[in-house]
2 protein chains.
Amino acid sequence: MAGKVIRRLKAVDQDFGKQLDCLLAWEAVANDQVEAIVAEILQQVRSHGDKAVIEYTNRFDHRALKGAEDFFLPASALTVALGRIRTEEREALEFAAERVRRYHKHQLQESWRYTEADGTVLGQQITPMRSVGIYVPGGKASYPSSVLMNAIPAKVAGVDAVNMVVPAPKGKLSDLVLAAAAIAGVDKVFTIGGAQAVAALAYGTESIPAVDKIVGPGNIFVASAKRAVFGHVAIDMIAGPSEILVICDGQTDPDWIAMDLLSQAEHDEQAQSILLCPDGAFLDQVESSLQRLLVGLPRAEIARQSLADRGALIQVESLQQAIQISNGIAPEHLEVSVKDAESYLPEIRNAGAIFLGRYTAEALGDYCAGPNHVLPTSGTARFSSPLGVYDFQKRSSVIHCSAEGADTLGRVARTLARGEGLEAHARSAGFRVKE
Amino acid sequence: MAGKVIRRLKAVDQDFGKQLDCLLAWEAVANDQVEAIVAEILQQVRSHGDKAVIEYTNRFDHRALKGAEDFFLPASALTVALGRIRTEEREALEFAAERVRRYHKHQLQESWRYTEADGTVLGQQITPMRSVGIYVPGGKASYPSSVLMNAIPAKVAGVDAVNMVVPAPKGKLSDLVLAAAAIAGVDKVFTIGGAQAVAALAYGTESIPAVDKIVGPGNIFVASAKRAVFGHVAIDMIAGPSEILVICDGQTDPDWIAMDLLSQAEHDEQAQSILLCPDGAFLDQVESSLQRLLVGLPRAEIARQSLADRGALIQVESLQQAIQISNGIAPEHLEVSVKDAESYLPEIRNAGAIFLGRYTAEALGDYCAGPNHVLPTSGTARFSSPLGVYDFQKRSSVIHCSAEGADTLGRVARTLARGEGLEAHARSAGFRVKE
């Protein structure tokens, strides 16, 4: 008989808070060796451009690039890939892209302004970034959905150039990824990856234009490179392992809940699946379902490890308490699989994405519901948000003072500037004061 | 005869691009020694809480704190300070706060949702952060305006607790800073500073609650500590030196333009003041004005150094070219001191704050025009925005599928999940498909 598939906790237990902290504990480990390697790669690409990119790519990806033209993928390659995938897959990608586009259009910010009585105008001008680079992992973990989720918000924002880098180990590329790039409207594709690709996007080379922001998931070298170029360009979040928190009233099919937990656990061994429910008997049922449904999953070993190491079935006192615990955890994905799920929404403070009702499997949000699947992990939903159109727009304050406005404001600014000992500020404002 | 007060460039010169790059070059230097000290402080505060905060504060700020109650400032202290400052200053602060509040209310994001034909609901829920920590420098550089600019957007966003840390070297505090805190509605004030204050806000201690985000300017230890806790909590930008770019058609009073440049230059020696103008004779006049107006400024030496090291008067071919150059620079402050300034607005892509027309001195924006004075520096306006209400709100995606919606979406998700080799995702979606 194997050990328990997943641990069981009770919120009434005296040391529950401590147990929960242990369960959630996860901290990205900085790796000095990786950072040193990445620093060297960034430096080389910054100094030697294409030449360095080609050398690293040939070495790490086992390729035989001779010139920049060898890592540039023409638009026709995307179209060919789109024609090569199965019709069902093409239609699914197009359907998903259309829904993602529709949802994200709601996020567009508009410029605004107002005019005061004395004629002074104040406002905020919204502009898209000029260029964005999307990192797409190659090899085993080929995620076309990730191409859609990263590229479409940038396109909706109106970014002029959305360029993509994707490594092609031994020259191999995923048709699904290229097809997704075609559907998302990606402008240019470079078949490079790793820290050298991040460096090329951040600093630019002879043939790869520098971008304003780099987004998209990658391995530890990519994450470390993104962290290193942050400030020079913008980056998206450095994601931790994926997590789901399910709150259930015990009335959903336990197989459904179990599979929802497994869908998170199959991502990787560090992924986290937690269920909160007031009904202990239901937790037993879900545990049995997990045991049974694990069998036959292609990624069963990963899921099993994830459930054992980081999963939990937690019996709570009430759904109310479940919401409070969830707010403390600030999960990436929160499934509220209860009756009248909507009624709990106003009390949910911290969550990346909220899946309401028994029918809303988290997996739908990963692919095609419309909202983004790039979400804040490891409790960072306390202060961050899903990737969105707003991540590719920026705001400029606009001030246009009338002569009268400059007189009124100038007097106040002069007083405050002198209070801070900044006399040139006071005089600059004072020049516009009528006396 | 002293050397030139400021360098002169011409955009027609063949090597202008190179000269401009040199002028703009500025990179934050990482300081390993500072980082090591900061890492130790963070670790100590994380492990020993109040005790460590008290020890560091006594050592660095020359204080004699015995317990946590000694660094907690009661609300009454703020009211007392408000009563102690001059009426003119109090009124100026209240006037500024009211205008900042009014402007920032326009930035409030609203939750939204839409219902699809099959009953599926999609939306975005906006919530404020729970708690925010504001770092306010003490000692020489006491900036009450900075208290208003950091605290008010958080209050407008609806943050539950806006707490402030401000060091009190030798026990000294600025009445203006405390008065500004009272006016801005700051909830709690702790008279601590440095990396130990950042650590206390990030990790919490027995008497200082942990916050979700830390904002506000500070010295290299503060900046380094903020960078180190980033990820555990959110932080605002790490600011570089302040900059102004003025575009003038040569028809504004040269003294006005010169004083605007000086108001930036007086901040510190690394500050940058650049003027773009098609009229060479006007540049001569501004240069004379600078010479003359520098005399008698209390911070003349700082301003002189800043102009000499990092300032420039640049003769351009046209205002059109000036806008193009400005978009490349992405200045923190952009003054467009020309006729019909509004007509250039649509072409301005990258700038933190835009000051239109001859009357709009940049200094008005520093204090009381309404928009925030915390702005992206060093070219980061290419991808970032002024501090605002949106920095204290976060978004959660909301999905509520109807049975029919789950059926439609489930089929697509299943296809895409299998394309990515994620079978538990496919089955989780598939359970909700009617077959």
Side-chain angles (χ1 to χ4, degrees), chain A residues 88-89 92 95 103 106 122 127 129 143 145 176 212-213 234 256 259-260 262-263 266 297-298 349 351 353-357 359-361 363-365 367-371 382-383 385-386 394-401 403 406 409 412-413 415-416 419-420 423-425 427-429 431-432, chain B residues 88-89 92 95 103 112 122 127 129 143 145 176 212-213 234 256 259-260 262-263 266 297-298 349 351 353-357 359-361 363-365 367-371 382-383 385-386 394-401 403 406 409 412-413 415-416 419-420 423-425 427-429 431-432:
Chain A
E88 187 194 0
E89 288 181 321
F95 177 90
Y103 178 86
H106 289 263
L122 295 169
T127 46
M129 292 177 197
Y143 294 139
S145 61
L176 281 170
D212 295 325
K213 184 164 191 164
W256 291 20
M259 196 57 92
D260 297 349
L262 287 170
S263 76
E266 77 172 341
L297 280 183
R349 277 291 284 264
I354 305 165
F355 302 81
L356 296 173
Y359 281 97
T360 316
L364 304 181
Y367 291 108
C368 58
R382 287 180 293 121
F383 50 76
S385 303
K394 57 215 164 55
R395 313 165 196 93
S396 302
S397 309
V398 177
I399 312 176
H400 193 167
C401 286
L409 297 179
V412 175
T415 299
L416 293 173
E420 296 186 352
E423 182 61 24
H425 283 69
R427 293 186 190 174
S428 163
F431 276 157
R432 275 86 167 182
Chain B
E88 186 194 2
E89 287 180 323
F95 177 91
Y103 178 86
W112 50 260
L122 295 168
T127 46
M129 291 177 197
Y143 295 138
S145 60
L176 281 170
D212 295 324
K213 183 165 191 165
W256 291 20
M259 196 56 92
D260 297 349
L262 286 169
S263 76
E266 76 172 342
L297 281 182
R349 278 290 284 264
I354 305 165
F355 302 81
L356 296 173
Y359 281 97
T360 316
L364 303 181
Y367 292 108
C368 59
R382 287 179 292 122
F383 50 76
S385 302
K394 58 216 162 55
R395 311 165 197 94
S396 302
S397 309
V398 177
I399 313 176
H400 193 166
C401 285
L409 297 178
V412 175
T415 299
L416 293 172
E420 297 186 352
E423 183 60 24
H425 283 68
R427 293 186 190 174
S428 162
F431 275 156
R432 277 86 168 181

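First the proteins, then the strands, lettered A, B, ... as listed; each starts at 1.
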Is A:Phe355 close to chain B through its backbone or its side chain, or both, or neither, when contacts mean heavy atoms under 4.5 Å?
both
Exercise: identify the closest heavy-atom pair between A:Val412 and B:Ala92
CG1-O, 3.6 Å
Without swapping roles, check the side chain of A:Ser396 against the backbone of B:Ile354 for a donor-acceptor pair under 3.5 Å.
no
When heavy-atom pairs shorter than 4.5 Å are enumerated against chain B, which of A:Ala429, A:Gly419, A:Ala403 gives the highest number?
A:Ala403
Chain B interface, residue from A:Ala406, A:Ala361, A:Pro298 that has the most non-hydrogen pairs under 4.5 Å:
A:Ala361
Is it the backbone or the side chain of A:Ser428 that comes under 4.5 Å from a heavy atom of chain B, or both, or neither?
both
Would you say the side-chain atoms of B:Thr360 pair up with the backbone N or O of A:Cys401, donor to acceptor, closer than 3.5 Å?
yes
Name the region of B:Trp256, side chain, backbone, both or neither, that has any atom closer than 4.5 Å to a heavy atom of chain A.
both
Among A:Glu88, A:Glu266, A:Arg427, A:Lys213, who wins on heavy-atom pairs under 4.5 Å with chain B?
A:Glu266
Please examine the side chains of A:Tyr359 and B:His400, heavy atoms only from C-beta on, and report whether any two atoms are closer than 4.5 Å.
no
Go through the atoms of B:Leu262 and report whether side chain, backbone, both or neither lie under 4.5 Å from a heavy atom of chain A.
both
Could you tell me the separation between the CE atom of A:Met259 and the CZ atom of B:Phe431, rounded to the nearest 0.5 Å?
4.0 Å
Using non-hydrogen atoms and a 4.5 Å limit, figure out which bit of A:Leu416 sits close to chain B: side chain, backbone, both or neither.
both
Leading residue by heavy atom contact count with chain A [cutoff under 4.5 Å; candidates B:Gly370, B:Cys368, B:Gly357]:
B:Cys368
With chain B as the partner, which of A:Ser145, A:Ser397, A:Ala363 has the greatest number of non-hydrogen pairs under 4.5 Å?
A:Ser397
Could you check whether any side-chain N or O of B:Glu423 sits under 3.5 Å from a backbone N or O of A:Leu297, counting only pairs where one atom can act as donor and the other as acceptor?
no
If you look at every heavy atom in B:Leu364 and A:Ala413, which pair is closest and at what distance?
CD2-CB, 3.9 Å
For a quick test of reading the model, state the closest non-hydrogen atom pair linking A:Leu409 to B:Ala369 and the distance between them.
CD1-CA, 4.0 Å
Closest approach of A:Ala234 and B:Phe383, non-hydrogen atoms and distance?
CB-CD1, 3.4 Å
Minimum heavy-atom separation for B:Tyr143 to A:Glu420, with atom names?
CD2-OE1, 3.3 Å
Would you sort out whether B:Arg432 and A:Asp260 count as a salt bridge (Lys or Arg N to Asp or Glu O under 4.0 Å), showing the intermediate values?
CA-CA 11 Å; B:Arg432 277 86 168 181; A:Asp260 297 349; 2.8 Å; yes
Would A:Asp212 and B:Arg349 pass as an ion pair if we require N to O under 4.0 Å?
no
Checking A:Ser263 side chain against B:His425 main chain: does a donor-acceptor pair fall under 3.5 Å?
no
Judged by modelled atom types alone, do A:Glu89 and B:Thr415 share a side-chain donor-acceptor pair under 3.5 Å?
no
Cut-off 4.5 Å, heavy atoms of chain A, and the answer for B:Phe95 is side chain
Side-chain touch A:Leu356/B:Ile399, heavy atoms, less than 4.5 angstrom:
no
